[in-house]
Amino acid sequence: MQHRLSLAMGLLICGLALPTTASASLCGSRLFSVSPSNFLLTEHEPFEGYLLGEVPMFLPGETVISAHGIAANWDTEELFVLLEVAGVAGSYLGMVDPDTAVVTPIGATGMTFENLSVGLGGVLHAVTGEVGPNPESIFTLSPVDGTPTFFCTLGFGDDGEAIAYSFWEDVMYHVSGSSGPWVPSTDTGVVFSQLTISGPLPCIPTQIALDPQLTDDTCAALAVLGEGLLSWKQGSGPGPIFVVDPWDGSIVYTGFSPVAISGLAVLPLCGSSYFLRGDANNDNFMNIADAVALLGWLFTGATAPECEAAADVNDDDLHTIADPIYLLNSLFVPVSPPPPPPHPVCGFDPSPFLTCDVSACP
């Protein structure tokens, strides 16, 4: 797992400088944060943490005081925020433009939430804090008017709540607690869990071992990066940002945020990251026609694929003869492996380096 973490970090820190044989577009990511102490939308260098820019958030007709959370919809490339607005009780839900910081109003939730996440299909999840009528609970929020609907109770960890949805596994990551390792008998300390989201029993936790550095303070914000890794902001004030591998708990220190953070969001720089790998001709199937389309593009100057990421059949971030060979082997050689995710159904790319401008996926 540490090898995967180091490899992914190396590729991303080096600016995604990956060679290709056929022409292709690469995509990276933008890291945004909001703060409990100001009304600024802040952009960070995604793997060192330093500030790239700050823009005041503007909600027409309202006064924005601060923000409780921010989350990105990777499919639509939209940013959602939970704001504290003057004269409005509880958190106010809006959609913020990442470049202008102008907020499109959605509506008052009537509750105070600590963190926000966007799940598959654009489902908005928000988590409450330690106090109130529904402490340490997850609600879904209506994208139309912000109305909350109870989803599940968490009920562990002694302070602070941070959540982040992983598209690749259809799970929610949850961190709670202020300092020290979690002690079940007293429910104190920092606990890091993977929560079920789909199915009849949501929010069943599986605890993940934490690196000791991550138990020094509360996790103020959490966001999902490429390869399913997590960006982890440590401490409620200015503090370090880590990249965490949730499979084995290994971490890499990536920088220091000079501002307090109450929410993190990663926005991919891609047309779309939702596709079927191997579907080179973009008809929502993988078959021999896709190999023909790839060979035509590579060797006869035929039309380039509309979804370059789908044409990268072996997921090596290149377009070469290896892709149609891999596809044909997976179709006709029984011992050959299938293409890497997203496959055999549409999904999000665990390592979104290539763009997908048009996808046949529903």
Side-chain angles (χ1 to χ4, degrees), residues 34-37 65-71 80-85 88-93 106-119 123-142 145-165 171-208 210 214-223 230 232-237 260-265:
V34 291
S35 175
S37 56
I65 300 173
S66 64
H68 304 302
I70 184 170
F80 292 88
V81 285
L82 285 173
L83 304 173
E84 181 182 357
V85 175
V88 177
S91 303
Y92 191 98
L93 180 65
I106 294 177
T109 67
M111 299 179 63
T112 298
F113 295 101
E114 285 200 9
N115 233 260
L116 182 67
S117 185
V118 181
V123 177
L124 297 168
H125 295 95
V127 62
T128 59
E130 298 291 310
V131 297
N134 295 98
E136 295 180 286
S137 299
I138 292 179
F139 287 74
T140 59
L141 302 180
S142 166
D145 60 9
T147 299
T149 300
F150 178 80
F151 185 72
C152 69
T153 298
L154 300 174
F156 49 87
D158 62 338
D159 184 50
E161 308 293 331
I163 57 174
Y165 178 82
V171 297
M172 182 85 74
Y173 287 102
H174 168 237
V175 187
S176 181
S178 56
S179 64
W182 183 56
V183 180
S185 60
T186 60
D187 195 27
T188 59
V190 179
V191 59
F192 179 34
S193 301
Q194 185 187 83
L195 308 175
T196 56
I197 290 298
S198 300
L201 297 173
C203 299
I204 300 299
T206 300
Q207 190 174 348
I208 302 170
L210 277 172
L214 300 181
T215 63
D216 290 341
D217 203 346
T218 186
C219 174
L222 202 63
L230 300 174
W232 177 302
K233 166 59 176 62
Q234 186 83 333
S236 56
I261 287 176
S262 54
L264 283 173

Least distance between heavy atoms, [X] atom then [Y] atom:
{"X": "A223", "Y": "L264", "answer": "CB-O, 3.7 Å"}
{"X": "P135", "Y": "T128", "answer": "C-OG1, 3.5 Å"}
{"X": "H68", "Y": "F113", "answer": "CB-O, 3.1 Å"}
{"X": "V88", "Y": "A108", "answer": "CG1-CB, 3.8 Å"}
{"X": "A162", "Y": "N115", "answer": "CA-CG, 3.9 Å"}
{"X": "L214", "Y": "V190", "answer": "O-CG1, 4.0 Å"}

**Request:** Dump the intermediate steps for side-chain contact (heavy atoms from CB on, under 4.5 Å) on Y165 and V123, then the final yes or no.
**Result:** CA-CA 10 Å; Y165 178 82; V123 177; over 6 Å; no

- Decide side-chain hydrogen bond (donor to acceptor under 3.5 Å, both in side chains) for H174 and E161; before the verdict, give the C-alpha distance in whole Å, the side-chain angles of both, and the deciding distance to 0.1 Å. CA-CA 7 Å; H174 168 237; E161 308 293 331; 2.5 Å; yes

May I ask you to test the [X]-[Y] pair for a side-chain heavy-atom distance under 4.5 Å?
{"X": "I138", "Y": "L195", "value": "yes"}
{"X": "L141", "Y": "F80", "value": "no"}
{"X": "P202", "Y": "M172", "value": "no"}

Practice problem: For side-chain contact (heavy atoms from CB on, under 4.5 Å), just list the numbers for V81 and L116, CA-CA rounded to whole Å, side-chain angles, deciding distance to a tenth of an Å, and then say yes or no. | Solution: CA-CA 8 Å; V81 285; L116 182 67; 5.8 Å; no

Drop me the distance from [X]'s [atom1] to [Y]'s [atom2], to the nearest 0.5 angstrom.
{"X": "Y92", "Y": "L82", "atom1": "OH", "atom2": "CG", "value": "12.0 Å"}
{"X": "Q194", "Y": "I204", "atom1": "CD", "atom2": "CD1", "value": "12.5 Å"}
{"X": "C219", "Y": "Q234", "atom1": "SG", "atom2": "CD", "value": "7.0 Å"}
{"X": "L93", "Y": "T109", "atom1": "CG", "atom2": "OG1", "value": "7.5 Å"}
{"X": "S236", "Y": "I261", "atom1": "OG", "atom2": "CD1", "value": "11.5 Å"}
{"X": "S193", "Y": "L210", "atom1": "OG", "atom2": "CG", "value": "9.0 Å"}

Judged by atom type as modelled, is there a donor-acceptor pair below 3.5 Å linking the side chain of [X] to the main-chain atoms of [Y]?
{"X": "T196", "Y": "C203", "value": "yes"}
{"X": "S117", "Y": "H125", "value": "no"}
{"X": "T218", "Y": "G177", "value": "yes"}

TODO: Please report the C-alpha distance between S176 and L154 in whole Å, then the side-chain angles of each, then the deciding distance to 0.1 Å, and finally whether the side-chain contact (heavy atoms from CB on, under 4.5 Å) criterion is met.
DONE: CA-CA 10 Å; S176 181; L154 300 174; over 6 Å; no

**OP:** May I ask you to check whether W232 and F192 place their ring centres under 6.0 Å from each other?
**Re:** yes

message = Could you check whether F150 and F139 have their ring centres less than 6.0 Å apart?
response = yes

Query - Worked verdict on S66 versus E84 for side-chain hydrogen bond (donor to acceptor under 3.5 Å, both in side chains) - result: CA-CA 5 Å; S66 64; E84 181 182 357; 2.8 Å; yes

* Could you check I208 against Y173 for side-chain contact (heavy atoms from CB on, under 4.5 Å), going step by step and ending with a plain yes or no? => CA-CA 10 Å; I208 302 170; Y173 287 102; 3.7 Å; yes

